[in-house]
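The structure presented is a predicted model; accordingly, all values stated were derived computationally and were not measured. By convention here, the first residue in the shown sequence is residue 1.
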Amino acid sequence: MSRPAQPKDILLMFDRPTEPIFMPKGDNNNVAFDVPPALLDNRVNADSGLVNRLGAGEADEHVQVRTIALPDLTVPQLLSREQNFSLFIPLHRQAAGRLIEILMGMRNIDDLVSMSAACRERVNPYLFNYALSVAILHRPDTRNLQVPPLLEAFPDKFVDGAIFNKARRESEIFLSGSRQPLEIPLDYTASDLDIEHRIAYFREDPGINLHHWHWHLVYPFTGPRNIVDKDRRGEIFYYMHQQIIARYNFERLSNKLARVKRLLNWREPIPEGYFPKLDSLVASRVWPSRHSNAVMRDVNRELDQLQVDIADCERWRDRFYDAIHQGSVLMPNGNRELLTEEKGIDVLGNLLEASILSPNMNVYGDLHNMGHVLLGLCHDPDGRNLETFSTIADPATSMRDPVFFRLHAFVDDIFQEHKSTLPRYDVNRLGYNGITVRSVDIETPGAPKNELRTFWKKDDVDLSRGMDFTPRGNVFARFTHLQHTDFVYKIQVENSTNGPKVGTVRIFLAPKFDERGVNMLFRDQRLLFIELDKFTVTLKPKSNMIERRSTDSSLTIPFERTFRNLQLNRPGGGAALDEFNFCGCGWPQHMLIPKGSPEGMPCELFVMISNFDGDKINQNTEGACADAAIFCGIRDKLYPDKRSMGYPFDRMPRDGVNTLQDFLTPNMSVRDVTIKFTNRTVGVQGGEEPNRLT
């Protein structure tokens with residue numbers, strides 16, 4: 001059956017990314033694109049029987065692809081089809097920006113399908129996947145479409161490279177229904193002889209790395225300005241990464257490790273090595289490793305049109321500190337823009353991320369991105385060995401590397417320097433007259449009150465859409481990840497006024513003790529608070545009991561959305577479908593709670609109810625995805641909280657505050673809780689079936 005192109009057909013472009021566009025796509029191998037010869041490679045056109053020989057004639061449905069005039073693809077094609085792609089490299093960002101502009105500029109779905117088919121055959125597969133994903137998320141006529149997670153198309157970025165030979169053997173020998181899941185060991189990149197490997201379960205978690213990748217789809221570096229310039233984008237860049245560092249330090253303390261050290265001296269050896277054990281199936285290369293005590297060097301690589309010196313980064317760093325201490329940044333016209341209390345962090349975020357929104361890249365440069373690049377190329381800075389960059393230089397894999405967190409601790413230090421110059425919150429800006437939080441507790445099934453439980457969980461992911469030129473059908477990999485038992489917050493609140501009050505409940509969690517096992521000063525502990533949830537409540541006069549499930553967190557998305565499928569778990573249409581698509585951005589629910597320790601890690605749960613009059617944004621968010629708004633915002637809306645991100649812990653404390661107890665006002669409460677890691681594994685060994693995401 002031959003039919004015109006439909007919006008859903010665009011999603012098939014992600015299937016088996018290095019196979020020709022005309023080979024059958026879809027779960028049942030039943031859809032083929034009938035592509036005009038003008039859009040195909042000349043070698044394909046020269047072989048008249050090639051299309052049918054590769055199975056296109058066996059498809060049940062044939063999508064008619066119209067002829068379209070090809071634009072100038074010189075810039076996107078500067079990146080060869082066999083190279084790895086990195087958003088941190090300026091040439092690659094330029095190629096991505098141009099391809100996004102082309103795809104965003106298509107007038108209708110027919111043109112988009114035609115242009116996508118043509119570009120898929122001509123540009124780098126990684127680049128194509130990124131640009132098409134950004135376009136789908138931001139085009140009005142494709143907002144119903146669910147962008148598949150990168151894990152589906154390129155599983156080589158997320159799972160042990162040794163698995164793919166086994167997967168090919170499994171798919172060649174056995175039919176789809178009889179194939180066995182392939183187990184990925186929890187400790188496949190190193191042993192515990194490397195103390196940094198104690199937290200590999202966090203760094204290498206596929207859900208966390210997918211979140212980082214998807215965040216960069218929602219907030220692209222480059223492209224048409226209207227899709228890059230989102231509300232408080234620079235501040236979200238700051239806050240999302242600040243929270244990742246806080247969470248990483250939480251995990252380190254859970255595993256008896258000291259907090260991460262900032263990467264301050266870019267000329268001294270880096271003690272942390274990393275051996276990723278990943279293969280790049282597009283480049284047919286292994287991802288390079290970095291041995292312990294590697295040293296960053298100036299980069300000069302002609303292939304990537306890339307030249308950056310460590311001295312450049314040091315100069316940019318000094319200019320940031322100068323701007324912060326002067327309270328303003330230099331603009332290209334010679335004027336200075338003030339770093340105000342409300343907008344300064346957003347300006348600095350745009351400068352540091354160095355997207356197209358940077359107010360003055362000539363002066364403040366590309367510090368964050370070049371940090372990733374210098375680290376990612378320290379093994380071959382001049383390209384003499386023809387090596388590609390390492391995992392730290394790709395947003396989809398960068399969080400796997402321990403040095404990612406050292407780099408971002410350095411970046412966060414710049415933001416914190418600015419925050420230290422801002423007025424401190426006094427009692428009036430923290431309190432809420434008439435509202436008193438009497439108590440807060442956590443209830444976890446099967447555990448004592450105020451105890452959180454964590455454990456290991458096994459689940460399956462389908463690799464088949466990323467395994468090109470192999471027999472069709474599901475091929476599962478089974479991985480082990482951290483999980484926690486779902487729990488409920490119970491918050492007792494007193495409203496002593498005569499009428500109802502609206503407030504924002506803000507829930508944070510922090511370690512109670514530092515590396516030495518002693519209490520922390522508030523000025524240090526505040527940087528370790530991770531935000532667990534934020535939601536609005538209406539408080540009737542007198543006593544109120546608020547109950548909130550952990551699964552309702554406005555930080556996270558469910559496991560099924562993190563690892564979602566092109567066909568399964570998909571609403572039928574309308575607002576629910578639109579919400580489902582944008583909600584692909586969010587911290588994974590299974591990683592909401594840190595690991596803790598077998599003996600029970602002492603922590604402090606902080607709850608605050610702030611005055612909604614100071615929080616509210618006047619906008620209609622009905623039907624818009626706000627499920628994971630803390631890190632991702634709301635699609636086509638303003639960020640849904642007027643306060644500074646991280647409030648009330650984003651600034652230095654007022655005078656006289658030395659401990660968390662000193663900081664409290666009546667509308668706040670703290671509860672001692674413990675996180676107990678049970679070291680049990682749920683899944684196949686635990687007697688229940690794992691989630692199977694096909």
Side-chain angles (χ1 to χ4, degrees), residues 87-88 196 199 202-203 212 234-252 257-274 290 292-299 308-325 329 339 344-345 347-355 358 361 364-378 389-395 398-421 523-524 526-528 646 650 652:
L87 286 169
F88 298 126
E196 292 296 329
I199 40 179
F202 176 80
R203 292 185 282 102
H212 195 229
E235 187 177 5
I236 293 178
F237 171 77
Y238 143 71
Y239 186 57
M240 195 267 287
H241 288 91
Q242 185 276 326
Q243 284 286 283
I244 285 175
I245 296 301
R247 174 60 185 272
Y248 184 64
N249 280 325
F250 213 136
E251 298 292 345
R252 294 183 70 85
L257 295 174
R259 283 167 280 182
V260 67
K261 293 182 179 178
R262 297 164 295 164
L263 191 67
L264 294 178
N265 187 342
W266 291 19
R267 298 179 184 273
E268 68 181 13
I270 302 167
E272 299 88 358
Y274 186 59
R290 185 185 64 257
S292 297
N293 296 314
V295 178
M296 284 194 282
R297 295 181 173 87
D298 299 340
V299 168
V308 60
D309 295 344
I310 295 174
D312 294 330
C313 295
E314 293 170 334
R315 193 159 46 247
W316 295 333
R317 174 203 62 198
D318 293 343
R319 289 172 181 170
F320 271 103
Y321 281 107
D322 286 344
I324 289 167
H325 295 148
V329 297
L339 295 175
I345 190 68
V347 173
L348 281 176
N350 287 328
L351 277 170
L352 260 171
E353 191 188 14
S355 69
S358 173
M361 195 175 288
Y364 298 101
D366 201 0
L367 179 59
H368 159 256
N369 298 324
M370 289 305 102
H372 279 273
V373 168
L374 287 168
L375 288 165
L377 290 170
C378 62
F389 47 82
S390 65
T391 55
I392 184 68
D394 181 347
S398 59
M399 287 183 65
R400 301 173 66 89
D401 191 328
V403 82
F404 169 92
F405 302 92
R406 293 196 62 197
L407 174 65
H408 272 278
F410 157 78
V411 171
D412 188 61
D413 200 50
I414 297 175
F415 288 125
Q416 296 304 331
E417 188 75 11
H418 164 69
K419 287 286 188 177
S420 71
T421 69
R523 61 181 295 157
D524 298 323
R526 70 181 183 88
L527 297 176
L528 293 174
D650 65 303
M652 294 292 286

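- Residue-environment remark: CZ (R319) exceeds the threshold of 12 foreign heavy atoms within 6.0 Å.
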Problem set entry | Step-by-step side chain to side chain donor-acceptor pair (under 3.5 Å) determination, R252 to Y248 | CA-CA 6 Å; R252 294 183 70 85; Y248 184 64; 3.2 Å; yes
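- Closest heavy-atom contact between G371 and L407: C-CD2, 3.9 Å.
- Note that the NZ atom of K419 and the CD1 atom of I414 stand 15.0 Å from one another [nearest 0.5 Å].
- Separation of atoms CZ (R406) and CD1 (I270) is listed at 7.0 Å; rounding is to 0.5 Å.
- Salt bridge status for R290 with D401: present, with a side-chain N to carboxylate O gap under 4.0 Å.
- Taking H212 as the reference, H216, H241, F404 meet the ring-ring contact (aromatic ring centres under 6.0 Å, His included) condition, with sequence neighbours excluded.
- For the residue pair I245 and A409, the shortest heavy atom distance occurs at CD1-N, 3.9 Å.
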After noting the C-alpha distance and the side-chain angles of R315 and D318, does the key distance pass the salt bridge (Lys or Arg N to Asp or Glu O under 4.0 Å) rule? CA-CA 5 Å; R315 193 159 46 247; D318 293 343; over 6 Å; no
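- Sequence neighbours left out, the pairs with a member in residues 236-248 that pass salt bridge (Lys or Arg N to Asp or Glu O under 4.0 Å) are R247-E251.
- Shown here for E353 and D366, the closest heavy-atom pair between the two residues is O-OD1, 4.5 Å.
- In this pair, F405 and F202 present their aromatic rings tilted. The plane angle is within the 30 to 60° band.
- Here the two rings, on H372 and F389, have centers that are 6.0 Å apart or farther.
- Using a 3.5 Å distance cut-off with no hydrogens or angles, the side chains of Q242 and H408 do not pair a donor with an acceptor.
- Judged as a ring-ring contact (aromatic ring centres under 6.0 Å, His included), and not counting sequence neighbours, the contacts of Y238 are F415.
- Counting all heavy atoms, side chain and backbone alike, C313 lies closest to L367 at O-CD1, 3.5 Å.
- Relative orientation of the F320 and Y364 rings is tilted, given thresholds of 30° and 60° on the angle between their planes.
- With sequence neighbours excluded, no residue forms a ring-ring contact (aromatic ring centres under 6.0 Å, His included) with Y274.
- Interatomic distance, F88 CZ to S398 OG, rounded to the nearest 0.5 Å: 5.0 Å.
- N350 is linked by a side chain to side chain donor-acceptor pair (under 3.5 Å) to nothing, counting only residues two or more places apart in sequence or in another chain.
- R523 meets the side chain to side chain donor-acceptor pair (under 3.5 Å) test with no other residue; sequence neighbours excluded.
- The distance from the CZ atom of R297 to the CD1 atom of I310 is 9.0 Å, given to the nearest 0.5 Å.
- Atoms OG and NE2, from S420 and H325 in turn, are 6.5 Å apart once rounded to the nearest 0.5 Å.
- Between atom CD of residue E272 and atom CG of residue L263 there is a gap of 8.5 Å, rounded to the nearest 0.5 Å.
- For the pair I324 and L348, the minimum side-chain heavy-atom distance is below 4.5 Å.
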